[in-house]
Structures are given as C-alpha cells and as structure tokens.
Amino acid sequence: MQHTATVEQIIKSMANKGWRVTEQRKTMAALFAEANGYLSPKDVYEHMRQIYPGVSFDTIYRNLRLLSEMGVFEQFYFNDGLKFRASCLAHHHHHLICMKCEKTITFDYCPMPNMSELPGNYEVMHHRFEVYGYCPECTLERRENVQQQMNADY
C-alpha cells in the first residue's frame with residue numbers, strides 16, 4: 001500500500017510551516033510527489049540543476065534538511081548514504097524497508113503503546129519506526145549469491 005504525498009499536500013505543508021512557496025520549492029515538491037522511491041541529495045540536485053542551472057548543492061541540501069525537520073520530508077539512512085522522500089501524510093503507520101532494493105512496505109502496527117517505561121521522563125511528541133532488512137526477492141538473490149560463491153570456492 002503506497003502512501004505518497006501529492007504536490008498540493010507538500011506545498012500546503014510548506015505554507016503551513018511558514019515557508020515561502022517559490023517555484024523552486026514547487027519543483028522540488030513535484031519531484032518528491034512523483035518519485036517512486038527515495039532520493040539522495042545528489043539525485044535532487046541533478047534534477048533541480050537541469051531546470052535551475054544556478055542552484056547550488058548547498059541550497060538543495062539545506063532545503064532538504066529543513067523540510068525534513070519540519071516533517072514535510074522524511075530522511076532515511078541506507079548503506080549508500082542519506083536519502084529523503086515525501087512524508088507519509090495519510091495516517092500514522094511505520095515501514096519495512098529493504099536495504100538492497102529500497103522497496104518499502106507500510107504497516108499500521110505501532111509499538112509505542114507497548115513502551116510504557118521509556119528512560120528519562122521524556123514527553124514523546126512524535127516518533128518513527130522503521131524495520132530494515134531484505135525483501136523476499138532480495139533475500140533469495142542474496143542466498144543464491146552466497147551459494148554461487150561457496151561453489152566457486154571449491
């Protein structure tokens with residue numbers, strides 16, 4: 001089940017947070033709304049540079065980080081670095097993420113109600129829960145690669 005934000009939702013969220021909604025930010029919103037997966041800062045920079053040749057990587061990165069801090073985008077850490085995607089705005093849910101192909105499956109189970117004794121007397125305002133592993137296809141591929149490697153070693 002896909003919960004991708006629309007361009008309008010992303011722009012509305014930016015405006016609600018007090019951001020000026022510039023053409024560049026609209027373009028970035030459209031890029032994320034149409035993306036099927038995660039985008040690295042370099043991916044976003046390469047796309048934006050084609051439309052706005054004068055844009056700097058620092059500007060793109062700063063906007064990504066600020067939009068992530070504001071909840072418009074989510075950031076994820078993969079083996080090949082930091083990536084972003086539009087926040088899932090439909091309803092509260094969590095993610096299973098494949099570390100190889102980055103396929104993401106959402107699930108509604110939330111572990112927070114079962115965490116009654118968190119340290120430090122924190123007042124939890126929001127949370128995220130991602131489970132990283134390998135999807136069935138990538139698990140099979142990994143096993144086949146291990147088997148081939150074992151056969152090659154003999």
Side-chain angles (χ1 to χ4, degrees), residues 1-112 115 118-142 145-146:
M1 181 186 290
Q2 193 79 333
H3 295 289
T4 306
T6 66
V7 176
E8 293 80 23
Q9 288 173 318
I10 295 170
I11 290 171
K12 182 178 177 183
S13 189
M14 286 181 193
N16 288 344
K17 306 286 184 184
W19 275 48
R20 282 187 318 117
V21 181
T22 64
E23 287 304 313
Q24 287 186 4
R25 290 182 179 148
K26 287 179 183 178
T27 302
M28 190 180 288
L31 172 64
F32 276 91
E34 295 166 6
N36 288 327
Y38 302 89
L39 299 171
S40 71
K42 184 179 178 196
D43 296 333
V44 176
Y45 172 68
E46 292 297 329
H47 176 81
M48 296 294 287
R49 191 174 68 157
Q50 291 174 10
I51 302 165
Y52 307 99
V55 71
S56 73
F57 181 80
D58 288 342
T59 297
I60 297 299
Y61 190 77
R62 184 174 54 254
N63 276 281
L64 290 171
R65 293 300 299 241
L66 288 171
L67 288 165
S68 178
E69 288 171 13
M70 292 170 34
V72 177
F73 294 157
E74 294 177 304
Q75 59 184 16
F76 298 85
Y77 295 93
F78 290 97
N79 292 336
D80 59 344
L82 179 65
K83 294 190 178 183
F84 296 84
R85 76 177 206 172
S87 291
C88 302
L89 303 171
H91 68 283
H92 182 77
H93 62 272
H94 297 288
H95 305 106
L96 291 167
I97 303 169
C98 181
M99 296 182 339
K100 184 170 190 311
C101 71
E102 299 178 2
K103 177 178 166 182
T104 301
I105 298 173
T106 61
F107 62 96
D108 293 330
Y109 170 75
C110 181
M112 284 303 290
M115 300 177 75
L118 294 173
N121 296 322
Y122 276 80
E123 179 182 356
V124 176
M125 302 306 289
H126 60 84
H127 67 279
R128 288 181 26 189
F129 181 66
E130 287 93 33
V131 179
Y132 291 89
Y134 296 99
C135 69
E137 294 82 13
C138 291
T139 296
L140 181 61
E141 183 180 322
R142 285 172 43 89
N145 289 342
V146 167

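Considering all non-hydrogen atoms of both residues, R85 and G37 come closest at CB-O, 4.0 Å. Closest heavy-atom contact between A86 and I10: CB-CD1, 3.8 Å. Here the shortest heavy-atom pairing between C135 and C98 reads N-SG, 3.4 Å.
From L82, atom CG reaches atom CG of L39 across 11.5 Å, with rounding to the nearest 0.5 Å. Interatomic distance, H95 NE2 to E74 CD, rounded to the nearest 0.5 Å: 5.0 Å. Between the NE2 atom of H47 and the CZ atom of F32 there is a distance of 10.0 Å, given to the nearest 0.5 Å. For the atom pair F129 CZ and L96 CG, the distance stands at 8.5 Å (nearest 0.5 Å). Note that CE of M14 is 14.5 Å distant from NZ of K12, once rounded to the nearest 0.5 Å. One distance of note links CZ of F73 with CE of M28; it measures 6.0 Å at 0.5 Å rounding.
Between F76 and I97 the shortest side-chain heavy-atom distance falls below 4.5 Å. A 4.5 Å side-chain heavy-atom check between E23 and Y52 finds at least one atom pair inside the cut-off. The side-chain heavy atoms of M99 and Y134, taken from C-beta on, include a pair separated by under 4.5 Å. Here the side chains of N63 and Q24 are not in contact, with every heavy-atom distance at 4.5 Å or above. S13 has its side chain out of reach of W19: every pair of non-hydrogen atoms, C-beta onward, lies at least 4.5 Å apart. Put simply, the side chain of H94 does not reach to within 4.5 Å of the side chain of V131, judged on heavy atoms. In this structure, Q75 and R65 have side chains that are in contact, with non-hydrogen atoms separated by less than 4.5 Å.
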### Message
side-chain contact (heavy atoms from CB on, under 4.5 Å), that's the test. Do K26 and V7 meet it? Break it down for me.
### Response
CA-CA 8 Å; K26 287 179 183 178; V7 176; 5.9 Å; no

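Each of T59, L64, I60 was checked for a side-chain contact (heavy atoms from CB on, under 4.5 Å) with Y45, and the lone residue meeting it is I60.
In this structure, F57 and Y61 have parallel ring planes: the angle between them is below the 30° cut-off, well short of the 60° mark.
T106 places no side-chain N or O within donor-acceptor distance of the main-chain N or O of T104, the cut-off being under 3.5 Å. The main-chain N or O of M70 is found under 3.5 Å from a side-chain atom of K17 such that the two form a donor-acceptor pair. The closest donor-acceptor contact from the side chain of R25 to the backbone of I11 lies at 3.5 Å or more, if one exists at all.
Side chain to side chain, D43 and S40 meet the donor-acceptor criterion of an N or O pair below 3.5 Å.
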